[in-house]
S.K.: 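Here you go, one structure.
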Amino acid sequence: MSEPDIFYILGNKVRRDLLSHLTCTECYFSLLSSKVNVSSTAVSKHLKIMEREGVLKSYEKEEGFIGPTRKYYSIAVSKTFLVTVTPNIFWYKSLDLGSPEKLERFEIRLDELDKSPKSLHSMVTAFIEANKKLEQIIDALKTIESYRNNLMKSIKERYLKEIGDMTQLAILHYLLLYGNTTVEQLSDVLNLKEREIKEKIEELSKVIPLSLKEDIIEIDEEELMKRILSG
């Protein structure tokens with residue numbers, strides 16, 4: 001299959017929102033439709049576009065013995081995309097993510113680059129050397145993103161098994177990816193009322209310690225470490 005047109009896919013906010021929801025769990029159509037503020041017809045159109053591009057896959061699953069058969073969607077790719085756009089460079093690359101082969105120390109010496117090449121030949125040489133440094137950085141990025149991807153998969157599975165609350169998991173998922181948020185932001189992202197978000201944050205804080213300072217919510221790393229040490 002050819003490379004998906006990821007820039008086209010990500011250029012639409014509804015598609016970005018749908019992908020965000022699908023990174024928490026596979027979803028059936030009506031559940032996805034309830035998570036975004038557009039019509040079900042529009043949701044269907046965006047899902048078809050992403051499936052056509054190979055970003056999503058769909059399948060039907062029966063809901064128990066008497067439940068209806070529902071069409072589910074899940075993300076079909078595991079990639080990191082890099083892009084640079086400047087007046088001098090347009091460059092992009094996709095990296096396939098899997099299990100990191102090994103976690104090791106990366107040492108990338110940018111101070112070895114020629115800071116002020118004078119001749120055309122030295123400038124070209126400096127650019128080639130910069131490309132080599134960039135490849136080292138990309139290797140490190142691919143390793144850490146593969147590690148984060150596998151770790152997030154484990155967190156989701158463990159949270160759903162032990163706690164079983166999808167909204168709490170979605171909030172934790174967002175905090176892990178972005179570091180901090182507000183009730184208002186979560187309300188917009190999850191398409192829920194702020195009252196519901198506050199209730200879920202309170203429930204989540206019983207499992208994962210959170211701190212709230214000037215309306216900013218984040219994971220309390222100090223308290224988290226105390227809980228780890230206490231067993």
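These figures come from a predicted structure and were not determined experimentally. As a basis for the values below, the full set of heavy atoms in this structure was taken, side chains included, without hydrogen atoms, waters or symmetry mates.
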S.K.: Any side-chain heavy atom of Lys156 within less than 4.5 Å of one from Lys153?
M.R.: no
S.K.: So, for Leu190 and Ala170, which heavy atoms are closest and what is the spacing to 0.1 Å?
M.R.: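 Reported closest heavy-atom pair: CD2-CB, 3.8 Å.
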S.K.: Given the rule in the salt bridge (Lys or Arg N to Asp or Glu O under 4.0 Å) test, do Asp165 and Lys200 qualify, once you have shown the distances and angles that lead to the verdict?
M.R.: CA-CA 9 Å; Asp165 190 298; Lys200 291 301 180 181; 2.7 Å; yes
S.K.: Same cluster or not: Leu160 versus Leu204, using hydrophobic residues (I, L, V, M, F, W, Y) connected whenever any side-chain heavy atoms lie under 4.5 Å apart?
M.R.: yes
S.K.: Output the distance between atom OH (Tyr159) and atom CE (Met166), rounded to the nearest 0.5 Å.
M.R.: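 So the OH of Tyr159 and the CE of Met166 are separated by 11.0 Å.
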S.K.: Do Ser119 and Ser122 have side-chain N/O donor and acceptor atoms under 3.5 Å apart?
M.R.: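 Side-chain D/A pair, Ser119 to Ser122: present.
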S.K.: Is Ile128 linked to Leu110 within one hydrophobic cluster, defined over Ile, Leu, Val, Met, Phe, Trp and Tyr using a side-chain heavy-atom separation of less than 4.5 Å?
M.R.: no
S.K.: Could you check if a side-chain atom of Asp114 sits within less than 4.5 angstrom of a side-chain atom of Glu129, using non-hydrogen atoms only?
M.R.: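 No, side chains not in contact.
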S.K.: Within 45 degrees of the axis of the six-membered ring of Tyr8 and under 6.0 Å from its centre: does Arg15 put its NZ or CZ there?
M.R.: yes
S.K.: Under the criterion side chain to side chain contact (heavy atoms under 4.5 Å, CB included), I'd like the reasoning laid out for Leu210 against Leu175: C-alpha separation, chi angles, the key distance, then a yes or no.
M.R.: CA-CA 10 Å; Leu210 304 178; Leu175 285 170; 3.8 Å; yes
S.K.: Report yes if some heavy atom in the side chain of Lys133 is under 4.5 Å from a heavy atom in the side chain of Arg109; otherwise report no.
M.R.: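 Side chain of Lys133 against side chain of Arg109, heavy atoms only: contact under 4.5 Å found.
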S.K.: Can you name the closest pair of heavy atoms from Glu53 and Pro4 and give their distance?
M.R.: O-CB, 3.2 Å
S.K.: How about Ile197 and Ile201: do any of their side-chain heavy atoms sit closer than 4.5 Å?
M.R.: yes
S.K.: Under 3.5 Å, is there a donor-acceptor pair between the side chain of Asn191 and the main chain of Ser34?
M.R.: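 Present.
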S.K.: Can you check side chain to side chain contact (heavy atoms under 4.5 Å, CB included) on Val43 and Val36, steps first, answer last?
M.R.: CA-CA 8 Å; Val43 171; Val36 291; 3.6 Å; yes
S.K.: Got Asn150 and Pro100 here, is their nearest side-chain heavy-atom distance under 4.5 Å?
M.R.: yes
S.K.: Considering all heavy atoms of both residues, which atom of Ser205 and which atom of Arg227 are nearest to each other, and what is their separation?
M.R.: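 Closest pair (atom of Ser205, atom of Arg227, distance): O-NH2, 4.0 Å.
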S.K.: For residues Gly11 and Arg16, report the shortest heavy-atom separation together with the two atoms involved.
M.R.: C-NH1, 3.7 Å
S.K.: What do the steps show when you test Glu3 against Lys79 for salt bridge (Lys or Arg N to Asp or Glu O under 4.0 Å), and what is the final call?
M.R.: CA-CA 11 Å; Glu3 188 78 13; Lys79 291 177 176 287; 3.7 Å; yes
S.K.: Drop me the distance from Tyr73's OH to Lys48's NZ, to the nearest 0.5 angstrom.
M.R.: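 Here the interatomic distance stands at 7.5 Å.
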S.K.: Are Leu177 and Leu151 grouped together when hydrophobic residues (ILVMFWY) are joined by side-chain heavy atoms under 4.5 angstrom apart?
M.R.: yes
S.K.: Is atom CD of Glu104 surrounded by more than 12 heavy atoms (other residues, nucleotides or ligands) closer than 6.0 Å?
M.R.: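 It does: Glu104 CD has more than 12 such atoms within range.
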S.K.: Under 6.0 Å from the NZ atom of Lys45, do we count more than 12 heavy atoms belonging to anything else shown?
M.R.: no
S.K.: Are Leu31 and Leu169 linked, directly or through intermediate hydrophobic residues, by side-chain heavy-atom contacts shorter than 4.5 Å (ILVMFWY only)?
M.R.: no
S.K.: Under a 4.5 Å side-chain heavy-atom rule over Ile, Leu, Val, Met, Phe, Trp and Tyr, are Ile108 and Ile138 clustered together?
M.R.: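 Shared cluster, no.
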S.K.: Show your working on side-chain hydrogen bond (donor to acceptor under 3.5 Å, both in side chains) between Ser58 and Glu51 and close with a plain yes or no.
M.R.: CA-CA 8 Å; Ser58 64; Glu51 193 168 8; 2.6 Å; yes
S.K.: Inspect the surroundings of CD in Glu199 and state if more than 12 heavy atoms from other residues, nucleotides or ligands are less than 6.0 Å away.
M.R.: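 More than 12 within 6.0 Å, yes.
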S.K.: If you count the non-hydrogen atoms of other residues, nucleotides and ligands that lie under 6.0 Å from CD in Glu196, is the total more than 12?
M.R.: yes
S.K.: Surrounding CZ of Phe106 (heavy atoms of other residues, nucleotides or ligands, distance under 6.0 Å), is the total greater than 12?
M.R.: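 Atom CZ in Phe106 is packed in, count exceeds 12.
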S.K.: Drop me the distance from Ile217's CD1 to Ser211's OG, to the nearest 0.5 angstrom.
M.R.: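 Interatomic distance, Ile217 CD1 to Ser211 OG, rounded to 0.5 Å: 9.0 Å.
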S.K.: For Gln185 and Thr182, indicate whether the former's side chain and the latter's backbone hold a donor-acceptor pair under 3.5 Å.
M.R.: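 A pair under 3.5 Å: yes.
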S.K.: Rounded to the nearest 0.5 Å, what's the gap from CG on Leu103 to OG on Ser146? Could you check?
M.R.: 10.0 Å
S.K.: Any side-chain heavy-atom pair from Lys142 and Thr80 closer than 4.5 angstrom?
M.R.: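 Not touching, per the 4.5 Å side-chain cut-off.
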S.K.: Do Glu60 and Thr69 meet the criterion of a side-chain donor-acceptor pair at a distance under 3.5 Å?
M.R.: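 No - no donor-acceptor pair under 3.5 Å links their side chains.
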S.K.: What's the separation between atom CG in Leu176 and atom CE in Met152, rounded to the nearest 0.5 Å?
M.R.: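 Between atom CG of Leu176 and atom CE of Met152 there are 5.0 Å.
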S.K.: Answer yes or no: are there more than 12 heavy-atom neighbours, outside Met123 itself, under 6.0 Å from its atom CE?
M.R.: yes
S.K.: Please evaluate residues Tyr147 and Ile144 with respect to the criterion side chain to side chain contact (heavy atoms under 4.5 Å, CB included), reporting the C-alpha separation (whole Å), side-chain torsions for both, the decisive distance (0.1 Å), and the verdict.
M.R.: CA-CA 5 Å; Tyr147 177 79; Ile144 193 63; 4.2 Å; yes
S.K.: Would you say the side chain of Leu95 lies within less than 4.5 Å of the side chain of Glu145, judging by non-hydrogen atoms?
M.R.: no
S.K.: If every non-hydrogen atom of Cys27 is compared with every non-hydrogen atom of Leu22, which pair is closest and at what distance?
M.R.: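 Of all heavy-atom pairs spanning Cys27 and Leu22, the closest is N-CD2, 3.7 Å.
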S.K.: Assess whether side chain to side chain contact (heavy atoms under 4.5 Å, CB included) is satisfied between Ile219 and Leu172, documenting all intermediate values.
M.R.: CA-CA 9 Å; Ile219 295 172; Leu172 175 60; 4.0 Å; yes
S.K.: Centre-to-centre under 6.0 Å for Phe7 and Phe81, is that the case here?
M.R.: no
S.K.: What I'd like to find out is whether the side chain of Asp220 reaches to under 4.5 Å of the side chain of Glu222, using heavy atoms alone.
M.R.: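 SC-SC contact between Asp220 and Glu222 confirmed.
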S.K.: Using a 3.5 Å distance criterion without hydrogens, assess whether the side chain of Ser187 forms a donor-acceptor pair with backbone atoms of Leu192.
M.R.: yes
S.K.: Report yes or no: is the cationic atom of Lys71 (NZ for Lys, CZ for Arg) under 6.0 Å from the centre of the six-membered ring of Phe29, at an angle within 45° of the ring normal?
M.R.: no
S.K.: Measuring from Lys206:NZ to Gln168:CD, what's the distance to the nearest 0.5 Å?
M.R.: 9.0 Å
S.K.: I'd like to know whether CG of Asp215 has more than 12 heavy-atom contacts from other residues, nucleotides or ligands below 6.0 angstrom.
M.R.: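 Not buried by this count: 12 neighbours or fewer within 6.0 Å.
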